[in-house]
Amino acid sequence: VVFVTHQGQLLTMGGGRAGQLGHGPSVQNSSKPLIVNSGDLRADDFIISAVAGASHTVACTRKEWGKSVCSGAEKAINRVYAFGGNAHGQLGLGAGYASSQMVDVPRLVACGLGKRTLTRPLEPDCAHCDKVDAGAHHTLALAHGGLVFVWGSNQYGQLGDDGNATIRHEPSMIVALRKEFVTDIAAGDMHNVVVTSAGDIWSWGRGSEGQLGHGTLSHEKMPRLLTR
């Protein structure tokens with residue numbers, strides 16, 4: 001279990017054998033809430049939201065005015081941290097952690113989401129993360145400006161990239177939704193649903209119980225618009 005206080009503190013409790021409590025190897029479980037203050041977390045970080053997947057935890061700080069690590073420009077962005085199980089890349093910590101099955105203290109995922117590269121020319125330059133949600137083994141994030149990012153397992157198409165990757169170890173923008181202005185996101189165990197400013201609903205991922213709402217029990221590897 002993870003929650004955030006009005007003072008911006010991050011607390012966890014319960015089982016933590018995959019490191020999802022964020023207190024290092026000495027704390028495998030806790031029957032009472034413990035403040036997380038280890039790893040890359042800074043003393044002045046003010047956590048505003050946190051979510052838990054099956055074995056991982058992701059937290060976001062409030063916006064801070066500072067220098068972008070992507071461009072060096074002055075802008076207001078926040079920080080995203082993750083810890084816990086990483087067998088499916090759900091922490092989003094990059095190739096350097098690809099062989100790490102678990103990370104038991106918070107590590108910095110991103111200081112703002114997105115970074116343009118030659119292979120990702122459409123990505124924004126470090127957009128503020130408005131919201132994050134966690135599936136069982138993947139993570140979904142909403143960037144300022146209505147863009148959606150995802151990382152982790154793609155077993156049932158959760159990454160929304162038409163099955164091009166098995167796992168993604170770092171945040172990647174869902175290109176299929178770049179022209180939609182997404183205002184809210186939600187991650188199920190192995191599927192995702194987003195809502196746009198136009199009131200449209202898109203879903204993708206595992207659909208074997210009808211959770212995608214398309215009138216079938218099929219999985220969807222790309223975001224699909226719900227018809228009314």
Side-chain angles (χ1 to χ4, degrees), residues 1-63 77-94 96-113 128-143 148-155 158-159 167-172 185-192 205:
V1 178
V2 59
F3 58 96
V4 176
T5 70
H6 287 297
Q7 292 77 35
Q9 294 176 312
L10 178 66
L11 292 92
T12 57
M13 60 185 178
R17 286 181 291 179
Q20 63 265 52
L21 295 183
H23 302 292
S26 62
V27 181
Q28 297 290 307
N29 58 74
S30 178
S31 59
K32 62 180 182 179
L34 298 175
I35 297 174
V36 181
N37 55 13
S38 56
D40 291 342
L41 276 176
R42 305 176 305 175
D44 59 347
D45 275 328
F46 192 102
I47 306 297
I48 59 171
S49 65
V51 293
S55 63
H56 74 294
T57 305
V58 185
C60 295
T61 70
R62 64 184 176 187
K63 286 184 181 179
I77 51 178
N78 66 342
R79 297 163 69 89
V80 180
Y81 295 97
F83 47 97
N86 194 44
H88 305 275
Q90 61 265 50
L91 298 186
L93 299 177
Y97 284 85
S99 61
S100 301
Q101 296 292 300
M102 58 176 280
V103 178
D104 52 25
V105 294
R107 293 302 179 200
L108 181 66
V109 178
C111 187
L113 293 167
H128 169 73
C129 179
D130 284 335
K131 183 178 181 180
V132 67
D133 203 2
H137 305 299
H138 74 284
T139 305
L140 189 69
L142 176 61
V148 181
F149 285 75
V150 67
W151 57 96
S153 172
N154 203 24
Q155 182 179 3
Q158 301 98 300
L159 299 184
I167 290 174
R168 288 198 185 277
H169 290 280
E170 60 184 15
S172 180
I185 60 171
D189 277 355
M190 299 176 186
H191 74 290
N192 303 304

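FYI, the numbering just counts along the sequence from 1.
The side chain to side chain contact (heavy atoms under 4.5 Å, CB included) test applied to His137 returns Ala54, His88, Gln90, Ser153, not counting sequence neighbours. Shown here are the side-chain hydrogen bond (donor to acceptor under 3.5 Å, both in side chains) partners of Asp104, two or more places apart in sequence or in another chain: there are none. Listed by chain and residue number, nothing satisfies the side-chain hydrogen bond (donor to acceptor under 3.5 Å, both in side chains) test with Asn37 (two or more places apart in sequence, or in another chain). Residues passing the salt bridge (charged side-chain N to carboxylate O under 4.0 Å, His left out) test with Lys63: none are found, sequence neighbours excluded. Remark: Asp189 engages no residue in a salt bridge (charged side-chain N to carboxylate O under 4.0 Å, His left out) (not counting sequence neighbours). Phe3 pairs by the side chain to side chain contact (heavy atoms under 4.5 Å, CB included) definition with Val1, Leu11, Met13, Pro33, not counting sequence neighbours. Not counting sequence neighbours, His191 has no partner by the ring pair (Phe, Tyr, Trp, His ring centres under 6.0 Å) test. Evaluation of the side-chain hydrogen bond (donor to acceptor under 3.5 Å, both in side chains) rule for Thr57 yields no partner, not counting sequence neighbours. Judged as a side-chain hydrogen bond (donor to acceptor under 3.5 Å, both in side chains), and not counting sequence neighbours, Gln155 has no contacts. With sequence neighbours left out, the side chain to side chain contact (heavy atoms under 4.5 Å, CB included) criterion links Val105 to Ser38, Arg107. For Arg42, the salt bridge (charged side-chain N to carboxylate O under 4.0 Å, His left out) partners two or more places apart in sequence, or in a different chain, are Asp44, Asp45, Glu64.
Pairs passing the side-chain hydrogen bond (donor to acceptor under 3.5 Å, both in side chains) check and including a residue from residues 14-34, sequence neighbours excluded, read Thr12-His23.
Put simply, the side chain of Thr139 does not reach to within 4.5 Å of the side chain of Val150, judged on heavy atoms.
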